[in-house]
Structures are given as structure tokens and as C-alpha cells.
Amino acid sequence: MKVICFGDSNSYGYDPRGYFGGRYDADSRWVDILAAETDWTVYNMGQNGREIPSSAPQFPADTDLLIVMLGTNDLLQGKSPEEATQKLERFLSGIRLEKSKILLIAPPPMTLGEWVPSQQLIEDSHTFARLCQALAERLGIRFADAGRWDISLAYDGVHFTEQGHKAFAAGLLEELK
């Protein structure tokens with residue numbers, strides 16, 4: 001199976017512990033754990049700081065599964081959950097794959113931390129997850145809520161810890177059964 005994971009720094013595997021950032025080792029990144037546990041060909045299209053693009057790239061026609069997890073950076077940049085969901089709908093509507101091949105994952109809710117100084121951001125991340133579920137239902141695509149997978153976040157309130165990546169991978173593998 002050919003799988004593409006399209007997301008932000010949590011898909012990329014960003015390690016927030018180092019001064020210059022960096023990346024967790026492959027055995028601690030959810031995308032690489034997914035590949036190791038399934039023997040699928042998994043492409044990591046995670047990018048640090050990525051907000052929801054205004055248009056979708058052309059994903060290869062032979063893609064068996066496209067996993068999309070975006071929106072956290074949009075909220076951090078001041079977008080409301082509703083604005084982020086509208087951007088996400090435009091993005092997802094432009095993807096030229098069968099709807100059954102698209103899995104939208106709502107990011108886990110943020111927690112108070114260095115990057116998340118307000119309760120409002122946390123509430124917005126919960127609202128965004130609910131809006132993502134409604135969007136997936138409206139578009140007829142698959143949906144998973146990473147907020148149900150008990151993902152531990154780093155001191156910044158945004159990035160997965162190594163344990164968080166492992167919990168994410170376990171939740172996703174369960175979802176894909």
C-alpha cells in the first residue's frame with residue numbers, strides 16, 4: 001500500500017527539545033512507526049510550520065491512502081476554528097483522489113505551554129476537532145480524532161513527545177484496522 005502523510009511539524013517528527021529543533025529518531029516518529037508496523041510504503045510530507053494550503057497539490061493517482069492532519073498552526077496564527085475549517089474544506093475539496101482514500105485526522109487538543117499561553121487556544125483546538133468531524137461527514141471522507149488517543153505533548157503545548165508519537169501511531173493503527 002502507498003500512503004502519504006500530509007501535515008505539519010507533528011507529522012514531520014519535530015523535536016522541540018533542542019535549541020535549533022531537529023527531528024526525533026525514526027523509531028519515535030509516528031509516520032515511521034506506521035511504515036515499520038505495516039510494511040507499507042509511507043511518504044512523510046510533514047513540514048514544520050505548515051498552515052492549511054490554499055490549494056491541494058497533485059497527489060499521485062496510485063495513492064492508496066492520504067492522511068491529512070493540519071490546522072494547529074492556523075489556530076496559533078490567530079485563525080478561528082471556523083476560519084481554519086473553511087480553509088481545510090477548500091483544501092480537501094481540491095484533492096483529486098477517491099474520497100474513500102482520504103483520512104482526515106483532527107489534531108490532538110493543545111495544552112497550556114510555552115506556545116499556548118491562553119485557555120482560548122485550547123478551547124479553539126477542541127472546537128476545531130468537532131468541526132473537522134462535521135466536515136469529514138459532509139465531504140464523505142474518513143475521519144479520526146487524535147484527541148482520543150492520549151497523546152502527551154511537550155512543554156510548548158503543541159508538539160508530540162516521543163511517547164506522544166508512539167501513542168499516535170498506536171491510535172492510528174487501531175483506526176486503520
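By convention here, the first residue in the shown sequence is residue 1.
A pairwise comparison of heavy atoms in L70 and P53 identifies CD1-CD, 3.9 Å as the closest pair. Between I33 and A169 the shortest heavy-atom distance is CG2-CB, 3.5 Å. Here the closest non-hydrogen pair linking P81 and D124 is CG-O, 3.5 Å. Scanning both residues, G140 and K99, for their nearest heavy atoms gives O-CB, 3.5 Å. The two residues L76 and V158 have their closest heavy-atom pair at CD1-CG2, 4.0 Å. Across every non-hydrogen atom of G147 and P109, the tightest pair is CA-CD, 3.6 Å.
No path of Ile, Leu, Val, Met, Phe, Trp and Tyr side chains, each step under 4.5 Å between heavy atoms, connects V31 with I4, placing them in separate hydrophobic clusters. Both L65 and V42 are assigned to one and the same hydrophobic cluster, defined by single-linkage of ILVMFWY side chains at heavy-atom distances under 4.5 Å. Linking Ile, Leu, Val, Met, Phe, Trp and Tyr whenever their side-chain heavy atoms come within less than 4.5 Å puts L139 and F128 in one cluster. Residues I105 and I102 do not share a hydrophobic cluster, defined by chaining ILVMFWY side chains whose heavy atoms lie under 4.5 Å apart. Taken together through direct or relayed side-chain contacts under 4.5 Å among Ile, Leu, Val, Met, Phe, Trp and Tyr, I67 and I151 form part of one hydrophobic cluster.
Counting heavy atoms from C-beta outward, F143 and C132 have side chains that approach closer than 4.5 Å. Counting heavy atoms from C-beta outward, R142 and L176 have side chains that approach closer than 4.5 Å. Residues W115 and H159 are in side-chain contact: their nearest non-hydrogen atoms beyond the backbone lie under 4.5 Å apart. M69 is listed as a side-chain neighbour of N10, based on a closest heavy-atom distance under 4.5 Å. Proximity of L103 to L172: side-chain heavy atoms (C-beta onward) are separated by under 4.5 Å at one or more points.
More than 12 heavy atoms of other residues, nucleotides or ligands sit less than 6.0 Å from atom CG of D156. Within 6.0 Å of CD on Q120 lie more than 12 heavy atoms contributed by other residues, nucleotides or ligands.
For the side-chain contact (heavy atoms from CB on, under 4.5 Å) with V116, the lone residue among T111, I122, L75, T72 that qualifies is I122.
Residue pairs meeting the ring-ring contact (aromatic ring centres under 6.0 Å, His included) criterion with at least one partner in residues 59-94, sequence neighbours excluded, are F6-F59, F6-F91. Listed by first and then second residue, the salt bridge (charged side-chain N to carboxylate O under 4.0 Å, His left out) pairs that reach into residues 69-83 are D74-K87, sequence neighbours excluded.
Classified by interplanar angle (parallel below 30°, tilted 30° to 60°, perpendicular above 60°), the ring pair F168/W30 is tilted.
A donor-acceptor contact shorter than 3.5 Å is absent between the side chain of S9 and the backbone of Y12. A donor-acceptor pair under 3.5 Å is absent between the side-chain atoms of R96 and the main chain of Q58, judged by distance alone. The closest donor-acceptor contact from the side chain of T161 to the backbone of S152 lies under 3.5 Å.
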Distance-only donor-acceptor hits, side chain of residues 44-52, under 3.5 Å, sequence neighbours excluded:
{"from": "N44", "atom 1": "OD1", "to": "G46", "atom 2": "N", "distance (Å)": "2.8"}
{"from": "N44", "atom 1": "ND2", "to": "S11", "atom 2": "O", "distance (Å)": "2.8"}
{"from": "Q47", "atom 1": "OE1", "to": "R50", "atom 2": "NH2", "distance (Å)": "3.0"}
{"from": "R50", "atom 1": "NH1", "to": "G7", "atom 2": "O", "distance (Å)": "2.9"}
{"from": "R50", "atom 1": "NH1", "to": "M45", "atom 2": "O", "distance (Å)": "2.5"}

Exercise. May I have the step-by-step check of side chain to side chain contact (heavy atoms under 4.5 Å, CB included) for L34 and L173, ending in yes or no?
Key: CA-CA 7 Å; L34 177 65; L173 285 162; 3.6 Å; yes
Quiz item: Could you go step by step and tell me if I141 and I95 meet the side chain to side chain contact (heavy atoms under 4.5 Å, CB included) rule?
Solution: CA-CA 11 Å; I141 61 175; I95 295 174; over 6 Å; no
Exercise. Determine, stepwise, if the pair L104 / L88 fulfils side chain to side chain contact (heavy atoms under 4.5 Å, CB included).
Key: CA-CA 10 Å; L104 174 62; L88 189 57; 3.9 Å; yes
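Of the inter-residue distances, the one linking F160 atom CZ with R29 atom CZ reads 14.0 Å to the nearest 0.5 angstrom. Rounded to the nearest 0.5 Å, atoms NE2 (H165) and CG (D27) are 11.5 Å apart. With rounding to the nearest 0.5 angstrom, the CZ atom of R148 is 14.0 Å from the CD atom of E174. Atoms CG and CZ, on D15 and R23 in that order, are 11.5 Å from each other to the nearest 0.5 Å. Residue K101 holds its NZ atom at 7.5 Å from OG1 of T63, rounded to the nearest 0.5 Å. Separation of atoms CD (E137) and CD (Q133) is listed at 5.0 Å; rounding is to 0.5 Å.
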